[in-house]
2 protein chains.
Amino acid sequence: MKAPTSLAKIDGIDKKILRFLMADARKPVLEIARSIGISGAAIHQRLRKLEASGLLSGSKFIVNPKSLGYTTMAYIGIYLDKAMSNPMAVKQLEKIPEVLECHYTTGNWSILIKVLCRDNEHLMQVLNKEIQAIEGVSRTETFISLAQQIDRQISI
Amino acid sequence: MKAPTSLAKIDGIDKKILRFLMADARKPVLEIARSIGISGAAIHQRLRKLEASGLLSGSKFIVNPKSLGYTTMAYIGIYLDKAMSNPMAVKQLEKIPEVLECHYTTGNWSILIKVLCRDNEHLMQVLNKEIQAIEGVSRTETFISLAQQIDRQISI
DNA sequence: ATTGAAATATGTTCGTA
DNA sequence: TACGAACATATTTCAAT
């Protein structure tokens, strides 16, 4: 992945290609080619350019956490002591596999994290034994997601 | 995607396959086969089973929003009037492309959303002209993400 | 930037163990 | 489940426009 120095210029064909692949990363380039009416080689070249520009940062298989028994998602706002630097806290949070996202935020908290746990009991363990155990964490506020109703990427 | 009726049973080989594909959805199955020392046909068969079980819910190309000029991410807690039902609000939020996630949460707010905007001004527009305009939205609290320091899926 | 064609590699199915 | 072989597709490169 390259850090973008300037904005990527993409045209309508790029957008069509991206929309296909954002929905299904394994869609064959030749299928896309037939759908939008240009050659496979052209798409291949465009994808190389998009990747080189840093606009494409890879692809992922999506696993359904519920199939693995992970049904409890929550956001946790974390208050940090002044003494505790954000990077130090993040380093500790990285070691906790249940922490899927970590944001350095404006507002009440220093940090907002998203965690995924098997159930409420597991969430409680993670809160009490993992998060609260981090030095510098003074207080937390937890918001359990009862349902995730929207989940998507930037619209192209 | 199938809703999981029971927990998926996956073994070490399944995990290895998933780890490869979660990191790079386009990694050729035959490459994975060579890496872990079983035949491509076996992996193919396992992937079909994992998909049928609902554990695999597709794949995505990841686009870097910064390359498109989207640099401001924020979480917004939304207070809904009692009269406004959650599904009605979600229906309106779905129409706003800047809204990437929407959670029905416990705690202070009725809804927590994640939005992605070009800049602070764009965020302000979305807040004032889109979110606040939704009937039933009484108040919002915004937390801007100054930096996202962790972003990953469930660990397998 | 795009194309078609050639060479290489992969996806997919199937019979068998 | 896993395998290998056979067939169908896809990826990748390249010379030409």
Side-chain angles (χ1 to χ4, degrees), chain A residues 1-2 4-64 66-69 153-154 156, chain B residues 1-2 4-64 66-69 153-154 156:
Chain A
M1 179 174 74
K2 198 194 98 183
T5 50
S6 62
L7 291 198
K9 282 169 204 148
I10 61 175
D11 62 13
I13 296 177
D14 289 325
K15 287 184 186 175
K16 282 185 187 172
I17 298 169
L18 288 172
R19 278 194 278 255
F20 275 114
L21 290 170
M22 286 169 77
D24 175 8
R26 283 187 85 90
K27 184 152 202 114
V29 166
L30 281 179
E31 263 186 46
I32 300 172
R34 286 189 288 267
S35 291
I36 70 184
I38 62 172
S39 72
I43 295 193
H44 192 256
Q45 204 168 309
R46 280 168 177 269
L47 282 174
R48 294 209 347 129
K49 190 174 290 183
L50 289 170
E51 197 165 9
S53 80
L55 192 143
L56 282 179
S57 29
S59 61
K60 287 180 185 168
F61 250 64
I62 310 299
V63 313
N64 179 357
K66 285 181 185 154
S67 293
L68 295 170
Q153 278 195 76
I154 189 174
I156 304 277
Chain B
M1 180 175 74
K2 200 194 97 183
T5 51
S6 62
L7 292 198
K9 283 170 204 147
I10 61 174
D11 63 12
I13 296 177
D14 290 324
K15 287 184 187 174
K16 281 185 188 173
I17 298 170
L18 288 173
R19 277 194 278 255
F20 275 114
L21 290 170
M22 286 169 77
D24 175 8
R26 283 186 85 92
K27 183 151 201 115
V29 165
L30 284 178
E31 262 186 47
I32 300 172
R34 286 188 288 267
S35 292
I36 70 184
I38 63 173
S39 72
I43 295 194
H44 193 257
Q45 204 168 308
R46 281 168 177 269
L47 282 174
R48 295 209 345 130
K49 189 174 290 183
L50 289 170
E51 197 166 9
S53 80
L55 191 143
L56 282 179
S57 28
S59 60
K60 287 179 186 167
F61 250 64
I62 309 299
V63 313
N64 179 357
K66 285 182 185 156
S67 293
L68 295 170
Q153 276 195 79
I154 188 173
I156 304 278

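Please read all numbers here as calculations on a predicted model, not as lab measurements. Heavy-atom basis, side chains included; hydrogens, waters and symmetry copies ignored. Here is the naming used below: chain letters follow the sequence lines, and residue numbers restart at 1 for every chain.
Under the 4.5 Å side-chain criterion, counting only non-hydrogen atoms from C-beta, Leu68(B) is in contact with Ile154(A). Inter-residue side-chain proximity for Leu50(A) and Ile17(A) is flagged as unmet; no heavy-atom pair is nearer than 4.5 Å.
Rounded to the nearest 0.5 angstrom, Ile38(A) CD1 and Ile13(A) CD1 are separated by 5.0 Å. Interatomic distance, CD1 of Ile32(A) versus OG of Ser35(A), reported as 7.5 Å (0.5 Å rounding). Once rounded to the nearest 0.5 Å, the distance linking CD of Glu51(A) with OG of Ser57(A) reads 9.5 Å.
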Let me check something: any side-chain donor-acceptor pairs from residues 39-48 of chain B under 3.5 Å, sequence neighbours excluded? List them with distances.
unit_1, atom_1, unit_2, atom_2, d
Ser39(B), OG, Ala42(B), N, 3.1
Arg46(B), NH1, Asp11(B), OD1, 2.9
Arg46(B), NH1, Asp11(B), OD2, 3.2
Arg46(B), NH1, Asp14(B), OD1, 2.9
Arg46(B), NH1, Asp14(B), OD2, 3.4
Arg46(B), NH2, Asp11(B), OD2, 3.2

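Gln153(B) places no side-chain N or O within 3.5 Å of a backbone atom of Ile62(A) that could act as its donor or acceptor partner.
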Nucleotides 1-17 of chain D: protein proximity per nucleotide (B base, S sugar-phosphate only, - neither; heavy atom, under 4.0 Å): BBBB-----BBSB----
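Where DNA chain C meets chain B (any atom under 4.0 Å from a heavy atom), the bounding nucleotides read 5' to 3' are dT10(C) to dT13(C).
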Annotated structure of DNA chain C as dot-bracket, pair cut-off 3.5 Å, Watson-Crick or G-U only, | for inter-strand, is ||||||||||.||||||
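In this structure, the side chain to side chain contact (heavy atoms under 4.5 Å, CB included) partners of Arg26(A), at least two apart in sequence or on a different chain, are Asp24(A), Phe61(A), Leu21(B), Val29(B), Ser59(B). Remark: Lys15(A) pairs with Ile10(A), Arg19(A), Ile156(A) by the side chain to side chain contact (heavy atoms under 4.5 Å, CB included) rule, at least two apart or across chains.
Between Leu55(A) and Ala8(A), the shortest heavy-atom contact is CD1-CB, 3.5 Å.
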